[in-house]
There are 2 protein chains.
Amino acid sequence: MNIKEASQITDVPASTIRYYEKENIIPAVDRNESGVRDFDDHAIRRISFAKKMRDAGMEISTLKQYINLFDNVEDSEDEQLALLVEQKRLMEEKRDKMQEAIDHLAHKIENFDTHMLRIEDELRSMKANKKERL
Amino acid sequence: MNIKEASQITDVPASTIRYYEKENIIPAVDRNESGVRDFDDHAIRRISFAKKMRDAGMEISTLKQYINLFDNVEDSEDEQLALLVEQKRLMEEKRDKMQEAIDHLAHKIENFDTHMLRIEDELRSMKANKKERL
DNA sequence: ATAATACTTAAAGCTAACTTTAAGGCAAGA
DNA sequence: TCTTGCCTTAAAGTTAGCTTTAAGTATTAT
């Protein structure tokens, strides 16, 4: 499979796939005789994993760490597990912050009428003030 | 309250507060006779709101849109409500993506032993392959 | 055979969101 | 009075994460 197909399947731009390969976020992809990339299932899965983590806000540098750790299998398993656990914790923290913001917006939406009246009141009093000052 | 205190209370760097003011993400802050900013409750609330939305991944440009809409009260209420609803939807979408990634990591953590064995297997077969080729 | 479309690389360019720097002003304490 | 530690601005610098460009090669369709 060439890079265009890989891009369509994973919904990651070809330029980004090349960039990910250069940055070692995905392993070096196989090439045919003329140097053209040939993506297999494994490659596709690695791209999809990278996308999923990026979409969830994991930084490139962390993703790289994670992958290097797993590529050097000699590294301590504890360290690998710890990284997984830590990243999960960070993501949960971020998810909770998002939930807070969602709740905040939901509240504003619910009280929209009241909210609008308050703003209009403020505006009226501002205009009154302006006239007084003239 | 000066910018340092405001920064401590909101946990937003002073430089960022100045930047937010310049970009109209928060309203122009009051100044004393010598031009030094004097933050009141309202200002603090606006900074905290901006922080909350930024932490949840809302872009500066969207935040600006949102605020401009509310500052020009003449703008259609429908438009304002629509923006709120749309932003809430986007955030929920993002939150769900995060949840997926969290689940993915949770799965890896749970099956860590198995996962490690598989990796070690792969490594062994790679090494075997290498020897064959010599 | 030629045109259109793919692919390749390295390097430069871009955008968002700050952050730092430089150069100076004010106010309080030793 | 001098030093310390705030404050101010405008402008330049930084970082992440791509994206675009330029220049060339290969494959496919007509």
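Bear in mind that the values here come from a model prediction, so they are computed numbers and not experimental data. Throughout, a chain's letter reflects where its sequence line sits, starting with A, and its residues are numbered from 1.
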Side-chain donor-acceptor pair present, B:His107, B:Asn111, cut-off under 3.5 Å = yes
key: Salt bridge A:Glu59-A:Arg54, side-chain N to carboxylate O under 4.0 Å   = no
query = Does A:Arg54 make a side-chain N or O approach to OP1 or OP2 of D:dC18 shorter than 4.0 Å?
reply = yes
ask   = Judged by atom type as modelled, is there a donor-acceptor pair below 3.5 Å linking the side chain of A:Asp30 to the main-chain atoms of A:Asp38?
value = no
ask   = Is the charged tip of B:Lys51 near the ring of B:Tyr20: under 6.0 Å from the six-membered ring centre and within 45° of its axis?
value = no
ask   = So, are B:Glu92 and B:Lys88 salt-bridged, with charged N and O less than 4.0 Å apart?
value = yes
request  = Kindly say whether A:Ala6 contributes a backbone atom to a donor-acceptor pair with the side chain of A:Thr10 at under 3.5 angstrom?
outcome  = yes
key: Atom-to-atom span, CE of B:Met1 to C1' of D:dC6 - whole angstrom   = 16 Å
query = Are the side chains of A:Arg37 and A:Asn2 in touch, meaning some heavy atoms are under 4.5 Å apart?
reply = no
request  = Any chance you could list the contact pattern along nucleotides 25-30 of chain D? Use B for base contacts, S for sugar-phosphate-only contacts and - for none, protein heavy atoms under 4.0 Å, 5' to 3'.
outcome  = -SS---
request  = Output yes when A:Arg89 and A:Glu86 qualify as a salt bridge under the 4.0 Å nitrogen-oxygen rule, no when they do not.
outcome  = yes
Interatomic distance, A:Lys52 atom NZ to B:Leu105 atom CG [nearest 0.5 angstrom] = 9.5 Å
query = Under a criterion of less than 4.0 angstrom to any heavy atom of chain A, what are the 5'-terminal and 3'-terminal contacting nucleotides of DNA chain C?
reply = C:dA6 to C:dT9
task = Can you sort out which residues in residues 14-29 of chain B have a heavy atom within less than 4.0 Å of DNA chain C? Ascending by number, please.
result = B:Ser15, B:Thr16, B:Tyr19, B:Tyr20
query = Within the distance-only criterion (no hydrogens, no angle test), does the side chain of A:Ser48 pair as donor or acceptor with the backbone N or O of A:Ile44 below 3.5 angstrom?
reply = yes
